[in-house]
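In the text below, chain A, chain B and the rest are named by the order of the sequence lines, each starting its count at 1.
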Amino acid sequence: MSQHYNFKDIEQKWRKYWGEVDINPKDDAKPKMYCLDMFPYPSGQGLHVGHWRGYVLSDVISRQKLMQGHRVIHPMGWDAFGLPAENYAIENGVHPTDGLKTSIANFKRQLKDIGAMYDWDLELNTTDPAFYKWTQWIFVKMFERGLAYEKEMPLNWCPSCKVVLANEEAEGGVCERCKQPTTKKNLRQWMLKITEYAERLLVDLDDLAWPEKVKKMQAEWIGKSHGAKIDFAIDGRDEKITVFTTRPDTICGATFIVLAPEHELVQALTTDENREAVERYVKEATTISNIDRMAAKEKTGVFTGAFAVNPADGCHLQVWVADYVLADYGTGAIMCVPAHDERDLEFAEKFGLPVVEVISSEGILINSDQYNGLTCDEAKEAIGADLEKAGVGEKTTNYRLRDWVFSRQRYWGEPIPLIHCHKCGVVAVPEGDLPVELPHVASYKPTDTGESPLAAIEEWVNVPCPKCGDGAKRETNTMPQWAGSSWYFLRYCDVDNTQGLIGEAAKKLLPVDYYVGGVEHAVLHLLYARFYTKFLYDIGVVDFSEPFVRLFNQGMINRANPATGVVEKMAKSKGNGVSPDEILEKYGSDALRMYMLFIGPPELDAEWNDNGIEGVYRFLTKLWRLVHDNLPKLVATTDDHEKLKHKMIRDISSRMDNLALNTAVSGFMEYTNKATQLAKDKGVDKATLEAMVTMLAPFAPHIAEELWLTLGNSETIFKQPWPTFDPSKAVDDTITMVVQINGKLRGDMQVAVDIAKDNAIALAKEVVADKLVGVEIVKEVFVPKKLVNFVVK
RNA sequence: GCGGAUGUGGCGGAACUGGCAGACGCGCUGGACUUAGAAUCCAGUGGGCAACCGUGCAGGUUCGAUUCCUGUCAUCCGCACCA
């Protein structure tokens with residue numbers, strides 16, 4: 001194959017051309033089209049071919065939209081804060097930016113190999129102070145509006161490394177680095193009140209052109225449920241226990257109460273004789289990791305010695321503590337109805353607590369005094385109303401969504417722009433003093449107090465209070481990696497603006513029309529970005545409240561691991577990665593682009609086949625030859641050529657409209673084969689070749705540019721409009737109709753497209769005459785342009 | 001347990017609102033061209049000698065089902081004691 005076509009030089013040439021000539025000028029008269037990739041974290045690993053999938057997809061969309069007359073915004077940037085860079089820096093005694101510079105350069109080179117039409121003028125980097133100034137500005141605005149608050153939160157803590165761990169660093173309750181068991185440590189954290197936006201985040205999902213799966217996942221994450229808060233008095237005491245339930249109708253079936261181990265009343269309610277057991281249980285439950293807590297198969301718990309009074313029927317109920325009740329959902333306390341709740345039943349059976357049925361198999365209330373005979377829905381109303389009247393209950397809506405722990409005890413993140421003053425309290429850094437830049441230290445070590453390494457840099461920490469001028473201290477926590485990615489898509493459109501987050505003209509380019517990326521961001525990143533956008537809408541920074549009109553999740557690329565034979569997600573670390581560099585050397589970028597599309601439906605996972613790319617490479621050489629071989633002997637356009645051309649435009653365009661790009665690629669193969677065949681008999685015309693090459697441009701831009709030139713054109717092909725077709729020219733005069741007997745294929749016939757029913761049936765009878773002998777036709781089915789079916793006995 | 005997706009040749013996959021199952025490609029077989037190979041081109045390629053049988057499995061609706069309905073199995077992904 002080595003002596004065969006090598007498109008590498010051609011590709012180099014066109015990439016250079018695109019670097020010099022702007023094929024996508026910033027023309028505000030055209031309708032805008034913002035097509036965005038989820039920006040990468042520039043890891044030292046570099047890209048493997050699996051990463052190409054999303055980037056090629058978004059590039060095909062972008063290039064086609066360009067040819068369809070849009071002003072396309074298609075930028076790329078770097079999400080470069082975060083743990084890997086920091087850990088690398090600590091281990092190697094260097095600054096995080098040192099490693100990142102090389103990584104970014106390498107990523108950029110690899111992205112350029114794709115031949116994507118990124119507008120590198122818009123490139124951004126979340127670690128650039130000019131960018132994170134605005135990340136900090138948004139935080140200040142949230143702080144000023146009461147959306148940011150401080151709270152003690154239990155964090156994963158490694159007692160031997162003396163460091164706070166992210167959940168993914170403490171998987172299985174074990175420190176990732178030293179493999180010692182982790183514990184929880186309470187530390188002061190900054191929180192963002194995303195819960196204030198829960199309802200809007202839920203309701204607005206309806207209008208998004210997103211995969212249903214992602215919308216469901218977000219809705220589930222927000223977890224809205226309707227129910228009631230009900231107060232249970234405590235026998236002989238002043239305190240009351242408030243429970244949350246979605247089933248107030250079952251209240252008369254409540255046979256005990258369970259508090260979460262962290263519940264604030266546990267200490268107070270516990271009687272002396274139960275104190276030792278309760279304290280031991282609470283201590284154990286709050287120190288084991290969540291993972292172990294969930295993994296425990298059997299229910300555990302202890303009796304506090306206290307009794308609660310059921311407000312509906314006055315019954316006395318034992319109050320227990322058990323870790324199957326979650327402290328941070330609802331009120332951290334539940335009324336237990338073992339007859340109608342599996343978990344409560346399991347607990348009741350283990351500890352010998354009573355079970356009282358209150359709903360019959362017909363769904364009618366029983367054993368419930370005055371509520372007997374009501375349906376569940378009626379009972380919910382009636383009981384709810386009575387409790388409300390008595391002042392011991394209220395209807396409520398509960399969300400599973402929690403506020404967002406927004407601080408990290410790390411160096412490599414945006415400093416939270418706050419100052420702690422002994423007189424004025426917590427003061428935001430004034431806008432004019434932003435950004436609060438990270439002090440550039442040559443190297444540093446984590447602290448052993450769990451604080452950020454910034455806490456040790458005294459000359460940075462100690463500052464005058466912006467309000468009173470007294471000595472004060474900077475907040476030393478930094479923001480999570482999500483902070484920059486929650487709003488970066490806004491900044492691309494106005495990346496050099498020093499006056500504001502985004503200017504008026506740039507706003508018109510938003511929101512993002514197409515957002516392409518992996519489904520792993522279905523919840524966190526996409527939810528945070530929606531939250532930020534809604535906040536910025538509320539304070540008038542943008543005039544839309546949803547950032548991403550349309551979302552597309554591309555599938556993963558899997559590959560058999562050469563060592564084990566197991567098919568799994570492609571990853572360099574697993575050893576089943578395929579480096580684009582080798583593929584490019586052998587086949588070129590266009591072949592890899594087309595293979596990534598041809599490999600399967602873009603939204604599904606696909607399996608990499610080492611030989612698969614041969615097929616698209618052969619197709620490209622066939623098309624190359626079709627053009628070159630016929631160039632000296634082009635013929636005048638005939639009906640045959642017209643028909644081929646219009647059908648081709650129709651088929652490929654409609655497949656692209658449906659994002660069925662794998663079949664769009666096979667369409668190119670099909671029509672190239674057909675055109676090659678036609679060329680042999682009757683030659684080929686220029687218009688057909690030009691249409692083919694024009695449509696190929698989004699897929700194989702380098703080769704398309706070159707062939708466009710070969711066909712005698714001078715300017716870039718991307719100034720060409722997307723070809724259109726005439727439906728009347730894309731139809732055949734005669735077609736093959738199928739003849740069936742009892743729905744089974746028995747013959748076919750060449751007929752005029754518009755053949756009349758009677759004629760078709762008569763002809764069909766001749767075609768299958770021998771099979772109709774001695775049978776009775778009970779029904780004749782005629783489907784225009786398709787078939788004739790005889791139902792016989 | 002709950003939610004979602006996917007099951008079609010040796011393999012990846014195609015089939016728009018029910019209408020010729022297997023497009024397109026990989027692989028494989030045979031042939032041409034070559035001293036030979038590579039590349040390219042041509043022919044063939046679901047199973048079965050056939051009648052026929054074939055879209056995970058079992059039913060149903062229909063003249064006709066990969067497509068619609070009911071049930072069921074398998075694989076993958078997400079969530080998971082949320083009261």
Side-chain angles (χ1 to χ4, degrees), chain A residues 1-5 211-217 219-221 223-225 227 243-247 250 254 258 293-294 296-297 299 322-326 328-337 340-344 346-347 398-402 519-520 522-523 555-556 558 567 594-595 598-601 603-619 621-622 625 651 654-655 658 660 662-673 676 736-748 777-792:
Chain A
M1 71 155 317
S2 52
Q3 61 134 343
H4 205 62
Y5 296 97
E212 287 306 314
K213 177 189 181 179
V214 175
K215 294 209 257 183
K216 273 224 161 93
M217 282 168 74
E220 170 80 5
W221 189 266
K224 182 178 183 177
S225 65
V243 305
F244 172 74
T245 178
T246 54
R247 297 294 306 275
T250 62
V258 174
R293 189 162 156 176
M294 285 186 310
K297 288 170 214 86
K299 295 261 181 299
D323 66 3
Y324 82 95
V325 173
L326 306 174
D328 52 3
Y329 180 78
T331 60
I334 61 169
M335 64 174 207
C336 299
V337 186
H340 305 289
D341 183 290
E342 269 182 40
R343 299 152 300 181
D344 296 346
E346 197 193 322
F347 194 82
N398 203 45
Y399 296 89
R400 215 181 284 196
L401 183 69
R402 314 283 154 78
V519 73
E520 66 272 19
V523 179
M556 293 182 306
N558 300 322
V567 176
M594 290 201 92
Y595 180 55
F598 186 60
I599 196 165
E603 68 279 10
L604 298 182
D605 290 355
E607 196 178 328
W608 175 269
N609 178 331
D610 290 337
N611 290 321
I613 194 169
E614 289 279 357
V616 288
Y617 175 75
R618 278 176 205 154
F619 150 72
T621 61
K622 269 185 211 168
R625 277 204 311 272
D651 288 354
S654 78
R655 290 170 193 190
N658 297 329
N662 53 326
T663 57
V665 174
S666 68
F668 280 113
M669 295 170 169
E670 224 174 308
Y671 281 102
T672 299
N673 292 344
T676 306
T736 305
M737 269 186 105
V738 167
V739 185
Q740 298 181 333
I741 293 174
N742 288 343
K744 293 204 158 101
L745 180 66
R746 284 296 177 266
D748 57 45
I777 299 177
V778 282
K779 192 169 176 184
E780 294 164 342
V781 181
F782 170 73
V783 183
K785 295 180 189 173
K786 299 276 187 203
L787 55 75
V788 173
N789 185 21
F790 297 114
V791 185
V792 304

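At a threshold of 4.5 Å between non-hydrogen side-chain atoms, the residues Phe668(A) and Met594(A) count as touching.
Closest-nucleotide positions on RNA chain B for Gly332(A) and Glu607(A) were compared, and the one nearer the 5' end corresponds to Glu607(A). Nearest-nucleotide positions on RNA chain B for Tyr399(A) and Thr736(A) put Thr736(A) closer to the 5' end.
Look at the P atom in both C73(B) and C57(B): the space between them is 15 Å, to the nearest Å. Rounded to whole Å, the separation between the C1' atoms of A23(B) and G13(B) comes to 10 Å. Taking the P atom of each, G9(B) and A14(B) are spaced 13 Å apart, rounded to whole Å. Distance check on atom P: C53(B) versus A5(B) gives 33 Å, rounded to whole Å. Across G12(B) and U8(B), the matching P atoms stand 7 Å from one another, rounded to whole Å. Taking atom C1' on both nucleotides, C28(B) is separated from C20(B) by 26 Å, rounded to a whole Å. Rounded to whole Å, the separation between the C1' atoms of C33(B) and C41(B) comes to 8 Å. U45(B) and G25(B) have their P atoms separated by 15 Å, given to the nearest Å.
Asn789(A) pairs in a side chain to side chain contact (heavy atoms under 4.5 Å, CB included) with only one of the listed residues (Arg746(A), Gln740(A), Glu780(A), Lys744(A)), which is Gln740(A).
Between Trp608(A) and Tyr595(A), the angle of the ring planes goes over 60°, which puts this pair in the perpendicular group of the 30/60° scheme. The aromatic rings of Tyr329(A) and Phe244(A) sit perpendicular, their planes meeting at an angle over 60°, well past the 30° parallel limit.
Taking only distance into account, the side chain of Glu614(A) never meets the base of G25(B) through a donor-acceptor pair shorter than 3.5 Å. Lys213(A) contributes no side-chain N or O that forms a donor-acceptor pair with the base of C77(B) under 3.5 Å. For Asn789(A) against C63(B), a side-chain N or O and a base N or O form a donor-acceptor pair under 3.5 Å.
More than 90° away from 0 lies the glycosidic angle of G13(B), which makes this nucleotide anti.
In terms of phosphate contacts, Arg746(A) brings a side-chain nitrogen or oxygen within less than 4.0 Å of OP1 or OP2 of C52(B). The shortest distance between the side-chain N/O atoms of Tyr329(A) and the OP1/OP2 oxygens of A83(B) is below 4.0 Å. Taking only side-chain nitrogens and oxygens, Arg655(A) never comes nearer than 4.0 Å to OP1 or OP2 of C24(B). A sub-4.0 Å separation between OP1 or OP2 of A23(B) and a side-chain N or O of Asn673(A) is absent. Of the side-chain N and O atoms in Asn662(A), one or more sit less than 4.0 angstrom from OP1 or OP2 of A14(B). Distances shown here put every side-chain N or O of Arg400(A) at or beyond 4.0 Å from the OP1 or OP2 atom of C79(B). Under 4.0 angstrom from either OP1 or OP2 of C63(B) there lies at least one side-chain N or O belonging to Lys779(A). OP1 or OP2 of G13(B) has not a single side-chain nitrogen or oxygen of Thr663(A) nearer than 4.0 Å.
For Leu604(A) and U75(B), the CG to P distance is 19 Å, given to the nearest whole Å. As rounded to whole Å, 13 Å separates atom C1' of A83(B) from atom CD of Glu342(A). Between Phe782(A) atom CZ and C63(B) atom P there is a gap of 19 Å when expressed in whole angstrom units. Taking atom CD of residue Glu220(A) and atom P of nucleotide G1(B), one finds them 17 Å apart after rounding to whole Å. What separates NZ of Lys216(A) from C1' of C2(B) is a distance of 12 Å, to the nearest Å. Glu212(A) places its CD atom 22 Å from the P atom of C77(B), with the value rounded to the nearest Å.
Pairing of C41(B), defined by two Watson-Crick or G-U wobble distances under 3.5 Å, is identified with G31(B). With a cut-off of 3.5 Å on both Watson-Crick or G-U wobble distances, the partner of C68(B) is given as G60(B). With a cut-off of 3.5 Å on both pairing distances, the Watson-Crick or G-U wobble partner of A74(B) is U6(B). Across every strand in view, G1(B) sits in a pair with C79(B) that passes the Watson-Crick or G-U test at under 3.5 angstrom. Summarising the base pairing, A15(B) is matched to no nucleotide, lacking a Watson-Crick or G-U wobble pair whose two defining distances lie under 3.5 Å. Summarising the base pairing, G46(B) is matched to C53(B) through a Watson-Crick or G-U wobble pair whose two defining distances lie under 3.5 Å.
Residue-level contact check: Lys622(A) touches the backbone only, with heavy atoms under 4.0 Å from sugar-phosphate atoms and none from bases. Leu787(A) comes within 4.0 angstrom of a base, heavy atoms only.
Although no hydrogens or angles enter the test, the distance criterion places no donor-acceptor pair under 3.5 Å between the side chain of Asn558(A) and the main chain of Glu607(A).
Cation-pi geometry between Lys299(A) and Phe347(A) is not met at under 6.0 angstrom from the ring centre and within 45 degrees of the axis.
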